[in-house]
Protein chains: 2
Amino acid sequence: METETGIANLLAALSLAVMDRIEHGAREVVGRGGETPAALIVLGYGQGMTNDMLRRILGLSHSGTVRLVDRLVSDQLVERRPGKDGREVALHLTARGTASRKELLASRISAVTSLLDVLSPTETKRLGALIRELLARQDTSEMDRFTICRMCDDTVCTNCPLPTSKKKRDR
Amino acid sequence: METETGIANLLAALSLAVMDRIEHGAREVVGRGGETPAALIVLGYGQGMTNDMLRRILGLSHSGTVRLVDRLVSDQLVERRPGKDGREVALHLTARGTASRKELLASRISAVTSLLDVLSPTETKRLGALIRELLARQDTSEMDRFTICRMCDDTVCTNCPLPTSKKKRDR
DNA sequence: GATCAATATGTGCGCAGCGCACATATTTGG
DNA sequence: CCAAATATGTGCGCTGCGCACATATTGATC
């Protein structure tokens, strides 16, 4: 019989394997690690995102985010443009940045499908339904959602299961 | 309807959330990041493990592993003892190392269960069975197994689903 | 048994990624 | 109009890691 903690351990092991593959592929595509790949994906969700918004989504310090953007700019993946508010910087993906982002997302999906496709279509559907339910019932703040979805493929994830507004306080 | 890639995306998002929580807890427990927590867990599987074996399991460079062990030693979590073979070093957890490892494993399991317990016992069992099947059908080398299981809780994972010997070549 | 390749470890050096503390510019609120 | 809040940039240092090189021990070959 499988215990509750035994199942937790299996999910943790699977998650580690999944992230190992995703991070490996991401480093091959953009040549950088840490939160840099996630930043590239997040910035593609909406052009002109602010430095500070990016910081909150990635869960980094302020200076860490500035330097991360520095790297993206020096790699010519991102442009800093003046924001509406005179203090803000509007971050925009360059053409090259958009292309890298697309590659990155494709690499990520293929990393997971290669693990997933040992299951039959029926099993896969069942797994998908359970994961969707698991995510849907989490108590996530607005910012938590962005953080969890910071590497999600918006061309693929049509209706995100994560709840939109719950009791948890934002930060 | 849920597409194959849509499910892959959900699994990737969940995996990211799971690893975020695990890594956050691990850093709180041992005060270090990267592969250091995994090293501590791996070293607990069998006392006297070699530096080089650890390196292969963690997927690090040789020097990176030496420095990682340096940190563990300076934190008084690990001892370097002479190995059977005069070249080798036998890595042993100190009492403190064993205690930290136990904390680490508990923190990891609780991080996952807190995500998991929104599911009913029946749903959880179904999810566990699917993940177990997914892992069991992977084509993993001996070393892949150790790598995937490098953070696993051996007090909880009684029968690992990962296949023992497959065609894939070791390294 | 001497020599050379293979194996295992340690070290000098540098880089990537990140946080803390501080400085600066703009906006907002009283 | 001025102080607090907001948003960004910088100096500095640390952690985690890889590359290239050095060293020590073992195994293989003659």
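Source: prediction; values computed, not measured.
Residue A/T50 has a polar side-chain atom (N or O) positioned under 4.0 Å from OP1 or OP2 of D/dT8. The shortest distance between the side-chain N/O atoms of A/R71 and the OP1/OP2 oxygens of C/dC18 is below 4.0 Å. At the phosphate of D/dT15, neither OP1 nor OP2 sits under 4.0 Å from any side-chain N or O atom of B/R27.
Here the nucleotide nearest the side chain of A/S63, chosen from D/dT25, D/dC17, C/dG19, is C/dG19. Here C/dT27 is the nucleotide among C/dT9, C/dT27, C/dA16 with the atom lying nearest to any side-chain atom of A/R87.
Note that the CD1 atom of A/I109 and the OG atom of A/S114 stand 11.0 Å from one another [nearest 0.5 Å].
If you check every strand for non-hydrogen atoms under 4.0 Å, A/R32 touches sugar and phosphate atoms only. Contact annotation for A/V66: base contact, defined as any heavy-atom pair under 4.0 Å involving a base atom. Here A/D70 lies out of heavy-atom contact (under 4.0 Å) with every strand. Residue A/G33 is in sugar-phosphate contact alone, with no base atom involved, counting any heavy-atom pair closer than 4.0 Å across all strands shown.
A donor-acceptor contact under 3.5 Å is not formed by the side chain of A/R67 with the base of D/dG13. Side chain B/H62 to base C/dG10: a donor-acceptor pair is found below 3.5 Å. Side chain A/S61 to base C/dC18: no donor-acceptor pair is found below 3.5 Å.
Both A/L72 and A/M53 are part of a single hydrophobic cluster, where members link through side-chain heavy atoms under 4.5 Å apart.
For the residue pair B/N9/A/R108, the side-chain donor-acceptor check at 3.5 Å is satisfied. Side chains of A/T147 and A/D144: no donor on one and acceptor on the other come within 3.5 Å.
Nearest heavy atoms, B/D154 versus B/Y45: OD2-CD2, 3.5 Å.
Taking the nucleotide of DNA chain C with the nearest heavy atom to each of A/G86 and B/M53, the more 5' of the two is matched to B/M53.
Protein atom CG of B/L72 is 14 Å distant from nucleotide atom P of D/dT15, rounded to whole Å. Rounded to a whole Å, the CG atom of A/N51 is 12 Å from the P atom of D/dT10. When the P atom of D/dG18 is taken as reference, atom CG of B/L58 falls 10 Å away, rounded to whole Å. Across the protein-nucleic acid pair, A/L54 atom CG and D/dT6 atom P stand 19 Å apart, rounded to whole Å. Summarising the geometry, the separation between CD on A/E88 and C1' on D/dT8 is reported as 10 Å, rounded to the nearest angstrom. Atom P of nucleotide C/dG10 and atom CG of B/L68 are separated by 13 Å, given to the nearest angstrom. Here the P atom of nucleotide C/dC18 and the NE2 atom of B/H24 are 15 Å apart, to the nearest Å. To the nearest angstrom, P of D/dT15 lies 18 Å from CG of A/L60.
Here the options are A/V69, A/T98, A/L91, the test is side-chain contact (heavy atoms from CB on, under 4.5 Å), and the partner is A/L43; only A/L91 passes.
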